[in-house]
Amino acid sequence: MAPRTRRMAFPKVLIERDTDSEQSSSSDDEDELEEEDEGPPSESEPEEEDSTKNGYGERIEEDLSLKKKGKAPITISLKKVCKVCKKPGHEAGFKGATYIDCPMKPCFLCKMPGHTTMTCPHRVAIEHGVIPAPRTSTHNTVEYVLQRQLRPRILPIKPAYVIPDQVCCAVIRYHSRRVTCLEFHPTKNNILLSGDKKGQVGVWDFDKVHERMVYQNIHTCIVNNMRFKSTNDGMVYAASSDGTISSTDLETGMSSSLMNLNPNGWQGPSNWRMLYGMDINSEKGVVLVADNFGFLYMVDTRSNSKIGEAILIHKKGSKVVGLHCNPVQPELLLSCGNDHFARIWDMRQLKAGSSLSDLAHKRVVNSAYFSPLSGSKILTTSQDNRLRIWDSIFGNLDSPSREIVHSHDFNRHLTPFRAEWDPKDPTESLAVIGRYMVENYNGAALHPIDFIDISTGQLVAEVMDPNITTISPVNKLHPRDDILASGSSRSLFIWRPKEKSEPVEKKDESKIIICGGAMKKRKGKFRGESDDDSEDDGCVSKGKNFQFKKAESKSAPRPRKVNK
DNA sequence: AGAATATGATTCC
DNA sequence: TGGAATCCCTATTC
């Protein structure tokens, strides 16, 4: 697995190690970058070469040439190579809490070559990190009028958003694997459902933080999407990579399988079907799901029976990751997937190739959602680091009406990011999405959760907490209250606006709990977590030790290693 | 403190 | 077309 062959091909270049790392990194072109040119790298280089190389791409060797001359003391020399491109002359990686890009690679944010994220035009506003991309097409008359006449009036009104920006309660390590999806209960305001990579479903009353419930036997691997049954909000459906749709009674925990695409068990990876996108068409009483081979399935919720045959809605063999029914027009279905398309369908004429619209993207589309009230706009999240807004009224669907460059790269170890609408926003312009790229906030490397006004592309707010050093790819805004729920790694967080909740330090200590689980002897400590009382059964309240503080330069939690 | 590892889209041959 | 190599701003365990 290790790219050993590449490492062995390095030319041997020795550089005197400079005790002051900051100076050395900024003056690489001077004589310290002397090539000693000991000839080409030998192909038969022994494997132990790896042991002379530390984790930062530096090569440590004893300077033998000095030995030969006799008197000179043995000095340790380092060759500094970029750990990304393996070339000397520059270094990439963390310098403290700031990540330095490799200049040989395209910009990590906008993916364009020729610059790094430091100078990317899409993050010139340092305090925001994200600015709107220019409109792709402004030759539309309606848009022009909107720009001229409406925008000047709209802009001052926009900041009225209420942003949930302070953690009010949390369960650290709620799940035993990373969180993959979240869903608020449709009627009970304090109930949050969470699915994880292991197939477990959490039911959490975040007003009674300690009453943590995790159903372990609903699925056997990733829970990809959950939806409440519209006619009975005590029942929830979930689609999983185990190939089943589950139907679970939240009171009893009783779960049954609505559909199973792998009735004969494991028949090899090319036969194992996984369910990703799911939604409910309450009008028709149908659960819609889609698999990793491009097919859509429908199940009648009254008879629990499959309707018709599977329909190919995306490129054959490609994953369909998202399905969404239009909130206003029940005939309209939206799908998105790994074939780089989001597609709009008419439920009355569902067959392969009969989509009403194909929304083209440059990369995989992680999510596509109709706007929650009018259903006239579509918000997509694509792995090309762009959010796109497609407007069926003020624009055509041939091209997005706006593209917003935003850092939400794909990483196989992270749940894919999905931008979500604020269901409460009457103007249908507020979206929330976690950010991949780290920002250095007074010495702490943090990944904020961004609130973006999709009508202007502006970053309305970036929400973070110095205690949360992990990326938060899963976010959901409450359907009625000013609450944000976040899934970050295995933890769940509930955010509320500052003015509505007292600072957590003064609040009920039990609002933050840390679950033991497998983390008994964990060394990297969460702030305030003490090692002494690590009872690993159930939840352990660590509230009194756990303090939320403003990011301060001295008290950054688990800071990134600072080069010395 | 550093190594190992889990594991998916994409590219290349 | 299919399998191997590659990748990289992760999180966690050992």
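Just so it is clear, the model here is predicted, and its values are computed rather than measured. So that the names make sense, note that chain A is the first sequence line, chain B the second, and so on, each numbered from 1.
A salt bridge does not link A:Asp242 to A:Arg273: none of the charged nitrogens lies less than 4.0 Å from a carboxylate oxygen.
Taking only distance into account, the side chain of A:Ser407 never meets the base of C:dC9 through a donor-acceptor pair shorter than 3.5 Å.
Heavy atoms of A:Arg363 sit under 4.0 angstrom from primed sugar atoms or phosphate atoms, though from no base atom. Counting non-hydrogen atoms under 4.0 angstrom, A:Asp101 reaches a base of the nucleic acid.
When rounded to the nearest whole Å, the span between CG of A:Asn385 and C1' of C:dC9 equals 11 Å. Note: CZ (A:Phe94) to C1' (C:dA11) measures 13 Å, nearest angstrom. Here C:dC9 presents its P atom at 8 Å from CG of A:Asn411, a figure rounded to the nearest Å. Taking atom OH of A:Tyr436 as the reference point, atom P of C:dA11 lies 8 Å away to the nearest angstrom. As rounded to whole Å, 11 Å separates atom P of B:dG8 from atom CG of A:Asn224.
Judged by centroid separation below 5.5 Å and plane tilt below 30°, A:His413 stacks onto the base of B:dA6.
Annotation for A:Val223 and A:Ala238: closest pair CG1-CB, 4.1 Å, computed over non-hydrogen atoms.
We find the SG-CE distance between A:Cys107 and A:Met118 to be 11.0 Å, quoted to the nearest 0.5 Å.
The cationic atom of A:Lys95 (NZ for Lys, CZ for Arg) does not lie both less than 6.0 Å from the six-membered ring centre of A:Tyr99 and within 45° of the ring axis.
When the side-chain nitrogen and oxygen atoms of A:His340 are compared with OP1 and OP2 of B:dT10, one or more of them lie within a distance under 4.0 Å.
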